[in-house]
Amino acid sequence: MQYLVSVIDDRTGSATSDEMAAIDTFNDRLVAEGHWVFAGGLASPSAATVIDNRGGEALFTDGPFLESKEYLAGFWVINAPDLDVALALAAEGSRACNRKVEVRPFLEE
C-alpha cells in the first residue's frame, strides 16, 4: 500500500544543513528497505498558483489556495505493508526533517 507523508512547516527555506543530511540518510534507508517511491521539497506557498476550471474558463490566482500559518513544505510517497509500518516510518521522517508530518493512505482502486 502507498502512503503520502506530508511535511508541515511554518517557515520557508528553513532546513539546516544537519536536517538536510538527516533527510538524505532517511531517504537512503527508505530506498535500501524498499519503501521509497518518490519524495520532494516544495517552494513556499507564495510561489503557488491556484487554477479553477470548473466554470468553462480557467481562472488563475497567484498565491496559496488557503492562507495558513502552516503549509506543505515537502512530502514522501512510501510503500508500506500496513498503517503501523507507515506510521513508524513517518515518525522517523519527522525526526529526520525536524518537522511535523501527516500520514494519509492513497485510495485503493
Side-chain angles (χ1 to χ4, degrees):
M1 180 145 197
Q2 290 187 338
Y3 295 86
L4 174 66
V5 180
S6 302
V7 178
I8 301 166
D9 202 353
D10 60 1
R11 303 166 302 209
T12 58
S14 60
T16 67
S17 58
D18 287 345
E19 290 166 345
M20 290 305 296
I23 292 166
D24 288 341
T25 299
F26 178 66
N27 289 344
D28 291 343
R29 177 173 170 233
L30 290 175
V31 170
E33 294 180 2
H35 298 292
W36 177 269
V37 175
F38 183 76
L42 298 172
S44 73
S46 64
T49 302
V50 176
I51 303 149
D52 185 353
N53 195 17
R54 296 175 293 173
E57 185 174 329
L59 175 64
F60 296 82
T61 307
D62 290 337
F65 175 67
L66 296 173
E67 293 292 332
S68 175
K69 180 182 173 193
E70 296 179 320
Y71 64 93
L72 180 63
F75 62 90
W76 287 278
V77 176
I78 60 171
N79 284 318
D82 57 48
L83 181 59
D84 290 337
V85 172
L87 293 175
L89 290 168
E92 293 179 37
S94 174
R95 183 182 321 115
C97 70
N98 195 32
R99 307 288 185 278
K100 295 188 291 187
V101 300
E102 175 187 84
V103 177
R104 294 175 66 184
F106 280 85
L107 296 174
E108 294 186 50
E109 294 184 29

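This chain uses plain numbering: 1 for the first residue, then up along the sequence.
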Work out which heavy atom in [X] is nearest to a heavy atom in [Y]; give both atom names and the distance.
X    : Y   : value
F75  : V7  : N-CG2, 4.2 Å
L83  : Y3  : N-OH, 3.0 Å
V37  : I78 : CG2-C, 4.0 Å
M20  : A15 : SD-CB, 3.7 Å
A80  : V85 : CB-CG1, 3.9 Å
V101 : A90 : CG2-O, 3.6 Å

So, the side chain of [X] versus the backbone of [Y]: is there a donor-acceptor pair under 3.5 Å, distance only?
X   : Y   : value
E19 : T16 : yes
R99 : C97 : yes
T25 : A21 : yes

Taking C-beta and beyond as the side chain, do [X] and [Y] meet within less than 4.5 Å on heavy atoms?
X    : Y   : answer
F106 : L4  : yes
N79  : M1  : no
L42  : L72 : yes

**Item:** Verdict with reasoning, L30 to L89, per side-chain contact (heavy atoms from CB on, under 4.5 Å)
**Value:** CA-CA 9 Å; L30 290 175; L89 290 168; 4.0 Å; yes
Rounded to the nearest 0.5 Å, how far does [atom2] of [Y] lie from [atom1] of [X]?
X    : Y   : atom1 : atom2 : result
Y71  : D9  : OH    : CG    : 4.5 Å
E108 : Q2  : CD    : CD    : 10.5 Å
I51  : F60 : CD1   : CZ    : 5.0 Å

**Asked** Is there a path from V31 to I23 through hydrophobic residues (I, L, V, M, F, W, Y) whose side chains come within less than 4.5 Å of each other?
**Response**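 Yes: a chain of side-chain contacts under 4.5 Å links V31 to I23.
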**Message:** Taking L87 as the starting point, is it possible to reach I8 by hopping between hydrophobic residues whose side chains are less than 4.5 Å apart?
**Reply:**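 As far as the 4.5 Å side-chain criterion goes, L87 and I8 are not connected within one cluster.
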**Candidate pair W76 and F38, rule ring pair (Phe, Tyr, Trp, His ring centres under 6.0 Å), full reasoning** = CA-CA 6 Å; W76 287 278; F38 183 76; over 10 Å; no
**Prompt:** What pairs with R104 under side-chain hydrogen bond (donor to acceptor under 3.5 Å, both in side chains), at least two apart in sequence or on another chain?
**Reply:**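 Result, side-chain hydrogen bond (donor to acceptor under 3.5 Å, both in side chains) vs R104: none returned.
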